[in-house]
Amino acid sequence: MGRTLNRTAAFTALGRALTAGARGGPSLGARLAALPRMVWATITGRYDGGVRLAMMVAATAYVASPIDLVPEAFLLLVGLIDDAVVIAWLAGAILAETERFIEWDARQRSVIPGHVV
């Protein structure tokens, strides 16, 4: 699981993305625009983000799930804190993975199709 996105990397990427405008990294708009292309490239097997994308989908489902409403009803603050942690991780994971995809996509666009002789 060395290639999977860990918690520290996700939070680091979130911090970088929030300050990217000053440092010249991809803008939030560029990252969001790359998201559908990343999903499609993963589905078609051209990009190796399958496990990371599955983790992001699972986190989204966890936050959006009606089953998750039960902890908020009974454990008020604890129920909200677990959602906040998952949302923070998800935001960082999306930012980190889209940055990785944008770099991968740029490398793919620089390759000239042909045959190696």
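All heavy atoms count here, side chains included; hydrogens, waters and symmetry mates do not.
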Is there side-chain contact between R100 and D48, with at least one heavy-atom pair below 4.5 Å?
yes

Over all atoms of both residues, closest heavy-atom pair of [X] and [Y]:
X	Y	result
V63	D83	CG2-O, 4.5 Å
W104	R46	CZ2-O, 3.1 Å
A59	W89	CB-CZ3, 3.8 Å
P36	A33	CD-O, 3.4 Å

Report yes or no: do I87 and V85 belong to one cluster of Ile/Leu/Val/Met/Phe/Trp/Tyr joined by side chain heavy-atom distances under 4.5 Å?
no

Within this structure, what is the CD1-CG distance for the pair I94 and L32, rounded to the nearest 0.5 Å?
8.0 Å

Let me confirm one number: the CG-CZ distance from L35 to F101, rounded to the nearest 0.5 Å.
9.5 Å

Under 3.5 Å, side chain of R52 to main-chain N/O of E97, donor-acceptor pair present?
no

Check whether any side-chain N or O of R31 sits under 3.5 Å from a backbone N or O of T98 as a donor-acceptor pair, and report yes or no.
no

Yes or no on side chain to side chain contact (heavy atoms under 4.5 Å, CB included) for M38 and L53, after CA distance, side-chain angles and deciding distance?
CA-CA 9 Å; M38 180 183 76; L53 189 61; 4.2 Å; yes

Show the numbers, then the answer: is there a side chain to side chain contact (heavy atoms under 4.5 Å, CB included) between L90 and T60?
CA-CA 8 Å; L90 181 60; T60 303; 3.4 Å; yes

Could you walk me through whether M55 and V51 pass the side chain to side chain contact (heavy atoms under 4.5 Å, CB included) check?
CA-CA 6 Å; M55 289 170 48; V51 172; 4.1 Å; yes

What do the steps show when you test I102 against R107 for side chain to side chain contact (heavy atoms under 4.5 Å, CB included), and what is the final call?
CA-CA 9 Å; I102 289 169; R107 284 193 309 272; over 6 Å; no

